[in-house]
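For reference, the structure discussed in these notes is given below.
Naming: A, B, ... by sequence-line order, numbering from 1 per chain.
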Protein chains: 2
Amino acid sequence: MSHMGYRCLMAVDREQVLRSAAALLTRKSTATMDEVARAAGISRATLHRHFAGRDALVRALESLGIAECEAALKAARTDAGPAADAVRRLVREIEPAAGLLAFLYTENQLFEGEEQNEGWARLDAGLTELFRRGQESGEFRIDLTPTWLTEALYGLLASGAWAVAEGRVARNDFTHMIVELLLGGALRREEP
Amino acid sequence: MSHMGYRCLMAVDREQVLRSAAALLTRKSTATMDEVARAAGISRATLHRHFAGRDALVRALESLGIAECEAALKAARTDAGPAADAVRRLVREIEPAAGLLAFLYTENQLFEGEEQNEGWARLDAGLTELFRRGQESGEFRIDLTPTWLTEALYGLLASGAWAVAEGRVARNDFTHMIVELLLGGALRREEP
DNA sequence: CCCATATGAGACATGTTTGTCTCATGCTGG
DNA sequence: CCAGCATGAGACAAACATGTCTCATATGGG
């Protein structure tokens, strides 16, 4: 049974390693492979047995982040009900992945010419569609393009994740701060 | 006149080198000293004669970014008139430095334990004060803390700079997109 | 014209990270 | 109990960025 033996013998889960790597790289994006390994409680050798190299690790994290975002997108049922409520659900669902997303968001600035993971395009499309739908239904203003709203949501998620990490914003306020700013803005509503 | 001779002989301005370094590092934050030098049209040796090392270069860029932001803060006269208008003026003034700010914003995630440039604290204080003033005057809502609004402004400036750099947002729309989202949010205003 | 000086090119040593390898160990299933 | 396999520890070379050095060159001022 050598073909499936590793399933039982592997002390550390690949998924678990990925999680701790995400947690570490979110805080320190330049962490060494050795640091990543130690953070996962394994040796550098074992880390290399799971991921061919740093590049492969980052790619795996990218896939993980995309998968979590797509899961959040699906769980939020962004095609149902008022777009504003959909945005609220989406941010709430995506919150656990915000740190990882922040890491990937800055890491992507790196991938200049290289091929991007197609998942980002799918995500962008999903988010853009949500904002476009909100515009068509008359909920969202039309002078802010869906593309910009998508980009701004990424930026706010990253800002929020960092602000929480540094203690400048309470973790419990994360969703509220982001959603309220994104949807309502800083200006006080007229209350006639 | 050896004490001032370099002023005339220096072919490249330290300021000019800093500018091109900012432009390059904004696009590729991991650029090599050699790449920075070539981008500035000088050799690595000369670059080292201007800045003792990479660290010194980043610190110089940090000082430049802070100086530009403080100049923008001052030019925008954020203590005068309606806070909303002050924010508009501020973003307009700060726009040219947005790319550099985006670079420094992510670079700062790196400076974990090390001492931060005190300029950031001054900037934060200035921005926070602006938002606080807006809350006191009744213009801004009070459920979004000035600290978070400040953080969100940084994030939106970075997002905007990247979106413009990648062609997802027109450069001319930069200020409008950021200000309108930050102040008004995505929701359409009631127009009774 | 001549000298000073900034510059460019490149060599060199260094430290760091990475990728690969070997070997001993410990645990698990049969 | 034993064989197999994943793991940890560490050695090792290679790649890379960096910092420092020397030397030749050209350019501008006196």
Separation of D/dT18 C1' from B/F51 CZ (nearest whole Å): 17 Å
Quick one: side-chain hydrogen bond (donor to acceptor under 3.5 Å, both in side chains) partners of B/S20, sequence neighbours excluded? none
Interatomic distance, A/R44 CZ vs D/dG10 C1' [rounded to whole Å]: 10 Å
Straight-line distance of B/E62 CD to B/F103 CZ, nearest 0.5 Å: 9.5 Å
Classify the side chain of A/R54 and the base of C/dG19 as holding, or not holding, a donor-acceptor pair under 3.5 Å. no
Return the value, rounded to whole Å, for the distance between atom CD1 of A/I42 and atom C1' of D/dG8. 11 Å
Could you check how far CZ of B/R38 sits from C1' of C/dG8, rounded to whole Å? 10 Å
Just by modelled atom types, is the B/W148 backbone N or O under 3.5 Å from a matching donor or acceptor in the B/T145 side chain? yes
Please produce a list of atom pairs where a protein N or O lies less than 3.5 Å from an N or O of nucleotides 14-16 of chain D.
none

Side-chain donor-acceptor pairs under 3.5 Å in residues 69-80 of chain A, sequence neighbours left out?
from, atom 1, to, atom 2, distance (Å)
A/E70, OE2, A/R122, NE, 2.9
A/E70, OE2, A/R122, NH2, 3.3

Spacing between A/D34 atom CG and C/dT18 atom P, to the nearest angstrom: 9 Å
Would you tell me if any nitrogen or oxygen in the side chain of B/T46 comes within less than 4.0 Å of OP1 or OP2 on C/dG8? yes
NE2 of A/H48 versus P of D/dC12: gap in Å, rounded? 18 Å
Residues which pass salt bridge (Lys or Arg N to Asp or Glu O under 4.0 Å) with A/E68, listed by chain and number, not counting sequence neighbours: A/R19
Using a 3.5 Å cut-off and no angle test, enumerate the donor-acceptor pairs between side-chain atoms of residues 154-172 of chain A and protein atoms at least two apart in sequence or in another chain.
from, atom 1, to, atom 2, distance (Å)
A/Y154, OH, A/D124, OD1, 2.8
A/S159, OG, A/G155, O, 3.1
A/S159, OG, B/Y105, OH, 3.3
A/E166, OE1, A/R168, NH1, 3.0
A/E166, OE1, A/R168, NH2, 2.7
A/R168, NE, B/E151, OE1, 2.9
A/R168, NH2, B/E151, OE2, 3.0

In chain order, what residues pass the side chain to side chain contact (heavy atoms under 4.5 Å, CB included) check against A/A45, with sequence neighbours excluded? A/S43, A/R49
Applying side chain to side chain contact (heavy atoms under 4.5 Å, CB included) to B/R88 and not counting sequence neighbours gives B/A84, B/D85, B/V179, B/E180, B/L183
Calculate the interatomic distance between A/E35 atom CD and C/dT16 atom P; express it in whole Å. 12 Å
What integer distance in Å separates A/R14:CZ from D/dA6:P? 15 Å
Measure from the side-chain heavy atoms of A/S43 and tell me the nearest of D/dA9, C/dG19, C/dG8. D/dA9
Set of side chain to side chain contact (heavy atoms under 4.5 Å, CB included) partners for A/R132, sequence neighbours left out: A/E129, A/E136, A/P146
Close N or O pairs between protein and nucleotides 21-24 of chain C (under 3.5 Å):
none

